Undergrad: 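Have a look at the structure that comes next, please.
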Amino acid sequence: MSQRKSYAVGTGMFIVLGFAALAYLATQTSSIANSHQGSSYTVDAQFANIGALKERAPVKVAGVRVGQVQSISLEPGKDVADVSLSIEKKYGQIPTDSVATIYTSGLLGDQYVGIQFGNAKNYLADGGHVGLTKSTQPLEEMLGKFLGAGAAADAIGGTYNVKASFTNVGALAVGAPVKMAGVAIGSVIEVKADPVKLDATVTMSIDKKYNQIPDDSAAAVFTSGLIGSQYVAIQPGGSPNSLKDGDQLVLTQSAMQLEDLIGKFLVNGSSGGSSANNGGNNNPAGNGSSNPNAGKH
């Protein structure tokens, strides 16, 4: 009887310790462990998508917690979320052009706000606003980024549209990034065939903060890596005039298909050998049978 009793006590203790461990882990992976902080100041940021971000979620710089999410709200008539960040006063030298991004802890952890410092000389103060933000990324966008699509900071300040025509857009699709110097500055919002010109018209939405792009710039359809997704690259020109909403990019370079690249490689690789053979056939001295009537009278 005493042996059974000891087994029961041991099993009970094991269950209690298990629940205690689970409770501890829950507090460490949720916002409960992040609810305490010292004297702080408040700044706000706007996100197009906050995912599962919750109040009291940590705010981090270089992976170190510097504050927490104070409140999350959605203003009537707006499709962006207002997030108020409470940051400890000892971290008072955050540049005003810093970028706030929503990250996920691990694979299935809670979400938090990570701040990446900018280069401005001025610092965020109480009541300040973080203008550059990146929203949480759905699984589809993460897979697209893995394949080379990339992503740009959300254009909370607005966008303007420009168009370009290509003889071949390859696998370019709506949502593909528009890049300049390798940095995403916008996205493709429409790809359609022109029934008159028999080419493809691509409409691109570009962040308004990139409003100094020369109007004689060129647009090219490139591929990220060997099998990555395609995107539009803008190569700036030298015109003093800038692109405006509704403008058309005249200089374009279409997508190169894999079949075309292989064909060019094979043609260039075999051109030397074929010319050598032709040269041999055109040399009568090298072919004794080039004149079949020779020696006949």
Side-chain angles (χ1 to χ4, degrees), residues 23-138 141-142 145 150-159 183-186 206-212:
Y24 174 77
L25 291 175
T27 59
Q28 296 305 306
T29 57
S30 66
S31 58
I32 298 176
N34 304 305
S35 58
H36 303 289
Q37 67 174 25
S39 180
S40 62
Y41 64 99
T42 302
V43 297
D44 68 275
Q46 292 182 322
F47 297 91
N49 189 345
I50 61 169
L53 187 70
K54 299 180 177 64
E55 294 183 1
R56 297 192 301 276
V59 177
K60 297 182 180 181
V61 174
V64 179
R65 180 181 177 275
V66 299
Q68 66 182 18
V69 175
Q70 181 173 321
S71 64
I72 300 174
S73 61
L74 182 68
E75 293 186 15
K78 293 186 177 181
D79 58 351
V80 294
D82 293 323
V83 179
S84 179
L85 309 177
S86 177
I87 300 175
E88 296 185 31
K89 283 188 176 180
K90 61 182 178 181
Y91 304 109
Q93 294 185 338
I94 300 177
T96 54
D97 62 344
S98 299
V99 181
T101 306
I102 298 179
Y103 293 113
T104 302
S105 299
L107 183 61
L108 300 174
D110 287 346
Q111 290 183 315
Y112 65 93
V113 178
I115 297 179
Q116 182 179 1
F117 278 13
N119 300 312
K121 301 295 183 180
N122 301 323
Y123 302 126
L124 291 172
D126 187 48
H129 177 72
V130 183
L132 300 176
T133 61
K134 290 184 180 180
S135 299
T136 181
Q137 291 186 336
E141 293 184 9
M142 293 178 65
K145 189 174 182 180
D154 296 321
I156 299 298
T159 60
V183 179
I185 62 172
I206 301 176
D207 196 325
K208 277 188 176 179
K209 64 174 174 282
Y210 303 105
N211 57 0
Q212 300 296 320

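For clarity, every value in this text was computed on a predicted model and none was experimentally measured.
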Undergrad: What distance separates Leu85 CG from Ile115 CD1, expressed to the nearest 0.5 Å?
TA: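 Rounded to the nearest 0.5 Å, the CG-CD1 separation comes out at 6.0 Å.
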Undergrad: Looking at NZ of Lys54 and CD of Gln68, how far apart are the two atoms once the value is rounded to the nearest 0.5 Å?
TA: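 So the gap between those two atoms works out to 14.5 Å.
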Undergrad: Using 0.5 Å steps for rounding, measure from the OG atom of Ser98 to the CG atom of Asn119.
TA: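 Ser98 OG to Asn119 CG: 8.5 Å, rounded to 0.5 Å.
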Undergrad: Report the distance from atom CD1 of Ile72 to atom CG of Asp82, rounding to the nearest 0.5 Å.
TA: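 So the gap between those two atoms works out to 10.5 Å.
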Undergrad: Search all heavy atoms of Thr42 against all heavy atoms of Ser84 and return the closest pair with its distance.
TA: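 What the structure gives for the nearest pair is CG2-OG, 3.0 Å.
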Undergrad: For Ala100 versus Val113, what's the shortest heavy-atom pair and its separation?
TA: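 Shortest heavy-atom contact: CB-CG1, 4.1 Å.
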Undergrad: Hey, could you give me the CZ/NZ distance between Phe47 and Lys134, rounded to the nearest 0.5 Å?
TA: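 One finds 12.0 Å between CZ of Phe47 and NZ of Lys134.
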Undergrad: Which heavy atom of Gln111 sits nearest to which heavy atom of Ala57, and what is that distance?
TA: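 Nearest pair, atom of Gln111 first, then Ala57: O-CB, 3.5 Å.
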Undergrad: How close do Leu74 and Val80 get, counting heavy atoms only, and between which atoms?
TA: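 In terms of heavy atoms, the two residues are closest at CD1-O, 2.9 Å.
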Undergrad: Considering non-hydrogen atoms only, spot the tightest contact between Asp97 and Gly118 and give its length.
TA: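 Nearest heavy atoms, Asp97 then Gly118: OD1-CA, 3.2 Å.
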Undergrad: Return the OG to CZ distance between Ser86 and Arg56, rounded to the nearest 0.5 Å.
TA: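 Between atom OG of Ser86 and atom CZ of Arg56 there are 12.5 Å.
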Undergrad: If you take all heavy atoms of Val66 and Tyr91, which pair is closest and at what distance?
TA: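 Shortest heavy-atom separation between Val66 and Tyr91 comes out as CB-CD1, 3.5 Å.
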Undergrad: Under a 4.5 Å cut-off applied to non-hydrogen side-chain atoms, are Leu124 and Thr96 in contact?
TA: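 Yes; the side chains approach each other to less than 4.5 Å.
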Undergrad: So, the side chain of Gln116 versus the backbone of Val99: is there a donor-acceptor pair under 3.5 Å, distance only?
TA: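 Looks like no, no N/O pair under 3.5 Å.
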Undergrad: Taking the side chain from Tyr112 and the backbone from Val69, do they hold a donor-acceptor pair closer than 3.5 Å?
TA: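 No.
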